[in-house]
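All ligand and atom numbering here is 1-based and tracks the order in the structure. If you're wondering where the values come from, they're calculated on a predicted model, not measured in any experiment.
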Amino acid sequence: MSDRARQAIDECRTIATMTEEPGRITRLFLTPPVRQVHQHLRARMENLGMSVHVDAAGNLRGLWTPTGASGKRLILGSHIDTVPDAGAFDGVLGVVLALELVESAARLHLPLALEVIAFSEEEGVRFGFPFIGSRAVAGRFDPSFLAHKDANGISIRQAIEDFGLDPNNLEAAIADQHAVGFVEIHIEQGPLLEAEDLSLATVTSIVGQTRLDLKFIGHANHAGTTPMHLRRDALAAGAEWISNVEALARRTEGLVATVGKLNVRPNAGNVIPSSVDLSLDVRHVNDSQRKTAVDELLVQAESISTRRGLTLQWTKKMDEPSVPMDERLTAFMASAIEAAGFPGKAMPSGAGHDAMIMAGRMPTAMLFLRSPGGLSHHPDETVREEDVEAALRVGEKFLERLAAEVR
Ligand code: HGY
Ligand code: MN
Ligand code: MN
């Protein structure tokens with residue numbers, strides 16, 4: 001096996017050192033370590049003879065235009081932001097492998113222009129809603145987003161300006177209409193491929209997801225002197241509701257629901273909590289099942305709150321439908337997997353991806369790599385060298401097929 005797979009893995013681990021928190025991988029939208037990642041990837045892109053720029057949403061974009069290329073281009077890429085205490089491969093691997101495939105296209109003299117995008121923000125950690133980068137590229141960036149503020153009161157507009165970019169240029173970030181499509185290579189982030197001992201899979205669709213922020217508002221009081229029946233304990237209410245969230249998801253086939261964030265005020269051991277802020281993330285491949293679950297959980301939150309003499313506030317941060325991948329482009333990918341000698345596998349994605357946004361703008365397909373241990377959003381997230389090599393071989397077959405088609 002060539003050492004390109006080992007080099008790609010090493011490159012992801014090098015990029016992982018570019019973090020806000022030494023010893024952990026945390027890189028949010030346009031924070032200082034993003035500059036280091038841009039510098040590293042820009043050098044790679046310029047070495048490949050690509051023209052490089054950063055668009056107003058902070059996406060780093062490299063364009064490789066071979067001699068004799070038709071006006072058409074394929075866009076490849078993924079995101080370079082992470083969740084807190086992340087793994088080294090979620091998102092970044094897709095950018096690194098896209099650049100490897102530019103190198104392959106040059107070696108194979110493919111007459112197909114390739115644009116590689118390192119999306120600036122897919123996880124939705126800093127501002128509570130995801131896909132800032134790909135929304136800009138897909139023409140779905142609503143100017144009202146600019147006013148959203150992070151935990152430090154910095155708006156998206158300010159974050160873009162602090163990075164040295166001009167939010168007034170967001171229109172220019174919209175993807176070129178000559179794009180034949182978008183392909184995202186990404187780790188599966190789940191246990192399926194490992195369970196079936198497979199390296200790769202194509203993706204049929206990306207499940208829909210709803211993200212809410214909720215606040216149970218009670219009343220602080222003394223932990224020692226306040227009898228239990230006189231309390232309006234916001235944390236006790238939140239805890240009751242969280243166990244309801246888990247119970248509903250456990251009894252609903254195909255539904256996952258997660259409360260990942262909890263913020264207790266005033267957060268002192270001898271004070272009855274006056275309020276708790278919680279996040280809710282609900283996903284299901286069937287949109288109406290997801291919506292029914294969200295409605296049910298809100299009804300339960302209201303009734304717990306009323307029964308306990310509290311008030312409830314909530315805001316919807318995101319509501320994305322389930323998105324099918326493009327059949328034709330995915331069939332190309334499936335035939336490339338076969339041509340490269342690997343068993344075929346098609347599966348839905350339980351994780352969200354920039355592909356679900358890009359699919360609204362152009363034909364979109366994904367290629368999954370096995371996640372050892374089914375682990376992701378965790379520092380022990382990893383990939384196998386042979387699966388990275390397999391993905392590169394399939395990517396080359398895919399590009400050859402596509403280049404022959406779009407002459
Ligand atoms: O949350 C997700 O599904 C993705 O990792 N952003
Ligand atoms: Mn992720
Ligand atoms: Mn990801």
Side-chain angles (χ1 to χ4, degrees), residues 12 15-16 19 24-29 34 37 59 76-98 116-135 137-138 182-193 201 203 205-213 249 254-261 279-285 287 290 317-323 325 347-359 364-371 373-383 391:
C12 291
I15 291 172
T19 174
R24 290 178 15 144
I25 305 169
T26 302
R27 197 169 50 241
L28 307 189
F29 178 65
V34 171
V37 179
N59 300 308
L76 298 145
S78 192
H79 60 97
I80 56 167
D81 67 310
T82 75
V83 293
D85 200 7
F89 301 95
D90 176 3
V92 169
L93 180 71
V95 179
V96 168
L97 295 190
V116 175
I117 303 183
F119 290 106
S120 55
E121 199 289 338
E122 183 273 345
E123 299 288 1
V125 174
R126 182 169 176 187
F127 291 95
F129 72 96
F131 307 127
I132 295 175
S134 43
R135 287 177 199 265
V137 176
F182 172 68
V183 168
E184 183 168 9
I185 303 174
H186 202 289
I187 50 175
E188 174 207 341
Q189 300 183 289
L192 219 74
L193 289 178
V203 174
S205 67
I206 301 173
V207 298
Q209 52 174 289
T210 302
R211 294 190 193 180
L212 304 182
D213 281 347
L255 185 78
V256 286
T258 313
V259 175
K261 281 169 60 178
S279 65
L280 176 69
D281 176 318
V282 179
R283 309 191 194 192
H284 196 288
V285 70
D287 289 338
R290 170 172 51 86
K317 304 294 282 183
M318 167 197 179
D319 204 50
E320 286 295 329
S322 207
V323 177
M325 294 291 97
M347 61 183 283
S349 171
H353 298 288
D354 289 305
M356 72 197 284
I357 301 298
M358 292 296 283
T364 294
M366 289 194 77
L367 178 64
F368 267 177
L369 280 80
R370 168 174 23 199
S371 283
L375 202 56
S376 184
H377 284 186
H378 186 285
D380 294 344
E381 172 189 285
T382 186
V383 281

To the closest 0.5 Å, what do you measure between CG (Asp354) and CZ (Phe131)?
6.5 Å

Give every protein N, O or S atom lying under 2.8 Å from the Mn ion (ligand 3), naming each by residue and atom.
His79 NE2, Asp90 OD1, His186 NE2

Kindly print each ligand 1 N/O atom paired with any protein N/O atom under 3.5 angstrom away, one pair per line, or none if nothing qualifies.
from     : atom 1 : to     : atom 2 : distance (Å)
ligand 1 : 1 (O)  : Arg211 : NH2    : 3.3
ligand 1 : 1 (O)  : Arg283 : NH2    : 2.9
ligand 1 : 3 (O)  : Arg283 : NH1    : 2.5
ligand 1 : 3 (O)  : Arg283 : NH2    : 3.2
ligand 1 : 3 (O)  : Gly352 : N      : 2.7
ligand 1 : 5 (O)  : Glu123 : OE1    : 3.3
ligand 1 : 5 (O)  : His377 : NE2    : 3.0
ligand 1 : 6 (N)  : Glu122 : OE1    : 3.0
ligand 1 : 6 (N)  : Glu122 : OE2    : 2.9
ligand 1 : 6 (N)  : Glu123 : OE1    : 2.9

His377 atom (N/O/S) at minimal separation from the Mn ion (ligand 2):
NE2

Take Ile80 and Val34 through the test side-chain contact (heavy atoms from CB on, under 4.5 Å) and record every step on the way to the result.
CA-CA 8 Å; Ile80 56 167; Val34 171; 4.2 Å; yes

So, for Phe119 and His353, is the gap between ring centers shorter than 6.0 Å?
no

Using the side-chain contact (heavy atoms from CB on, under 4.5 Å) rule, take Arg290 and Val207 through it: C-alpha gap first, then chi angles, then the decisive distance, then the call.
CA-CA 10 Å; Arg290 170 172 51 86; Val207 298; over 6 Å; no

Closest non-hydrogen atom pair, Ala351 against Arg283
CA-NH1, 3.7 Å

Candidate pair Glu381 and Ser376, rule side chain to side chain donor-acceptor pair (under 3.5 Å), full reasoning
CA-CA 5 Å; Glu381 172 189 285; Ser376 184; 2.7 Å; yes

To the nearest 0.5 angstrom, please state how far the CZ atom of Arg211 sits from the CE atom of Met318.
5.0 Å

Is Ile15 close to Val96 at the side-chain level, that is, under 4.5 Å between some pair of heavy atoms?
yes

side-chain contact (heavy atoms from CB on, under 4.5 Å) between Leu93 and His186: does it pass, once the steps are laid out?
CA-CA 7 Å; Leu93 180 71; His186 202 289; over 6 Å; no

Using only heavy-atom distances, determine whether the side chains of Ser371 and Glu188 contain a donor-acceptor pair under 3.5 Å.
no

